[in-house]
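As the structure is a computational prediction, the values presented were derived from the model and not from experiment. Numbers here simply count residues along the sequence, with the first being 1.
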Amino acid sequence: MTSSVQADRPHDLARLRELARLRRVRDRIDREYAQPLDVESLAQGIHVSAGHLSREFKRAYGESPYSYLMTRRIERAMTLLRRGDRSVTEVCFEVGFSSLGTFSTRFSELVGVPPSVYRQREALLAGSMPPCIARQATRPVRNREAGLDPAALA
């Protein structure tokens, strides 16, 4: 039994190193979400191919690096829109989108309503709850996840 444990050890160490590299990518996305980021540059940062990064990131986190980046940007946009002191266009560019149309499309896909509607609705509601609760309660959910029946999950 000792030999099988030793045989697994190099594999386990390699997997831990891979997970540490993926965590660095995720941390970079969290820090630099508003900067121009693409999978190729993220992969270069950890010296792997874009395809390898995409496969391993999805395996570790359940979504692609691009999808994770879009979710981070939309989460930040939701926070800024709830405050109500910026226009949708200002928020769009502040969170790293270069096109208002792309921003509105991605926002609507993740949140279920266009950013202008969200801004009007949430600016009124969010004022009555602490920011930490508002952030958790309004976290974007992908459409395919939103359609899940809670009874089916039990």
Side-chain angles (χ1 to χ4, degrees), residues 15-154:
R15 184 66 184 148
L16 287 174
R17 282 193 297 273
E18 181 73 11
L19 289 172
R21 291 192 315 178
L22 295 173
R23 179 60 186 250
R24 285 196 306 272
V25 170
R26 197 175 79 171
D27 289 347
R28 181 176 174 197
I29 292 171
D30 288 342
R31 276 190 321 274
E32 300 176 19
Y33 67 88
Q35 303 304 315
L37 290 175
D38 59 43
V39 176
E40 187 65 40
S41 66
L42 293 169
Q44 286 175 354
I46 61 167
H47 311 292
V48 298
S49 71
H52 179 78
L53 172 61
S54 291
R55 281 187 304 276
E56 292 302 313
F57 194 96
K58 186 165 187 165
R59 181 176 161 208
Y61 298 114
E63 63 183 325
S64 71
Y66 177 79
S67 180
Y68 184 81
L69 171 62
M70 290 299 110
T71 301
R72 290 287 92 43
R73 286 178 173 171
I74 296 302
E75 283 178 339
R76 181 63 181 148
M78 291 170 72
T79 299
L80 295 172
L81 291 168
R82 273 195 308 272
R83 289 178 25 189
D85 61 345
R86 289 182 176 90
S87 71
V88 171
T89 303
E90 289 170 326
V91 170
C92 164
F93 294 117
E94 188 170 333
V95 299
F97 283 90
S98 57
S99 160
L100 184 58
T102 301
F103 170 67
S104 294
T105 299
R106 295 295 297 163
F107 193 97
S108 297
E109 287 173 356
L110 288 171
V111 181
V113 296
S116 56
V117 171
Y118 180 86
R119 182 178 180 263
Q120 292 169 346
R121 186 182 70 196
E122 297 299 320
L124 298 172
L125 297 174
S128 62
M129 69 175 83
C132 61
I133 302 297
R135 184 174 47 250
Q136 187 65 26
T138 60
R139 184 175 185 143
V141 176
R142 299 194 177 291
N143 286 340
R144 68 177 176 271
E145 296 167 352
L148 292 176
D149 179 17
L153 298 175

Which distance, rounded to the nearest 0.5 Å, do you find between the [atom1] of [X] and the [atom2] of [Y]?
{"X": "S54", "Y": "L42", "atom1": "OG", "atom2": "CG", "result": "9.0 Å"}
{"X": "R26", "Y": "R72", "atom1": "CZ", "atom2": "CZ", "result": "8.0 Å"}
{"X": "F97", "Y": "I74", "atom1": "CZ", "atom2": "CD1", "result": "4.0 Å"}
{"X": "T71", "Y": "R106", "atom1": "OG1", "atom2": "CZ", "result": "7.0 Å"}
{"X": "L81", "Y": "R76", "atom1": "CG", "atom2": "CZ", "result": "10.5 Å"}
{"X": "D85", "Y": "E90", "atom1": "CG", "atom2": "CD", "result": "8.5 Å"}

message = Restricting to ring pair (Phe, Tyr, Trp, His ring centres under 6.0 Å), what partner residues turn up for Y33, sequence neighbours left out?
response =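 For Y33 there are no ring pair (Phe, Tyr, Trp, His ring centres under 6.0 Å) partners, ignoring immediate neighbours.
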
Residue list, ring pair (Phe, Tyr, Trp, His ring centres under 6.0 Å) with Y61, at least two apart or on another chain |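 With neighbours one apart ignored, the set is F57.
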
Backbone N/O of [Y] and side chain of [X]: donor-acceptor pair under 3.5 Å:
{"X": "R119", "Y": "R86", "value": "yes"}
{"X": "R73", "Y": "A34", "value": "no"}
{"X": "S67", "Y": "S64", "value": "no"}

Result for side chain to side chain donor-acceptor pair (under 3.5 Å) between T79 and one of E75, R83, R82 points to R82

Which atom names give the shortest non-hydrogen contact between [X] and [Y], and what distance separates them?
{"X": "V39", "Y": "L53", "value": "O-CD2, 3.9 Å"}
{"X": "I46", "Y": "R21", "value": "O-NH1, 3.4 Å"}
{"X": "L110", "Y": "M70", "value": "CD1-O, 4.1 Å"}
{"X": "L37", "Y": "R28", "value": "CD2-NH2, 3.8 Å"}
{"X": "T102", "Y": "S99", "value": "N-OG, 3.2 Å"}
{"X": "P114", "Y": "S108", "value": "CA-OG, 3.3 Å"}

Is any side-chain heavy atom of V25 closer than 4.5 Å to one of Y68?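 No. Closest side-chain heavy atoms not under 4.5 Å.
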
Below 4.5 Å, heavy atoms only, C-beta onward: do V88 and Y118 meet side chain to side chain?
->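 The answer is no; the side chains never approach within 4.5 Å.
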
Taking the basic N atoms (NZ, or NE/NH1/NH2) and the acidic carboxylate oxygens, is any pair closer than 4.0 Å for R15 and E18?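 Result for this pair is no, no salt bridge flagged.
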
Exercise for the section: Applying salt bridge (charged side-chain N to carboxylate O under 4.0 Å, His left out), run through R31 and D27 and close with a yes or a no. Expected result: CA-CA 6 Å; R31 276 190 321 274; D27 289 347; 5.2 Å; no

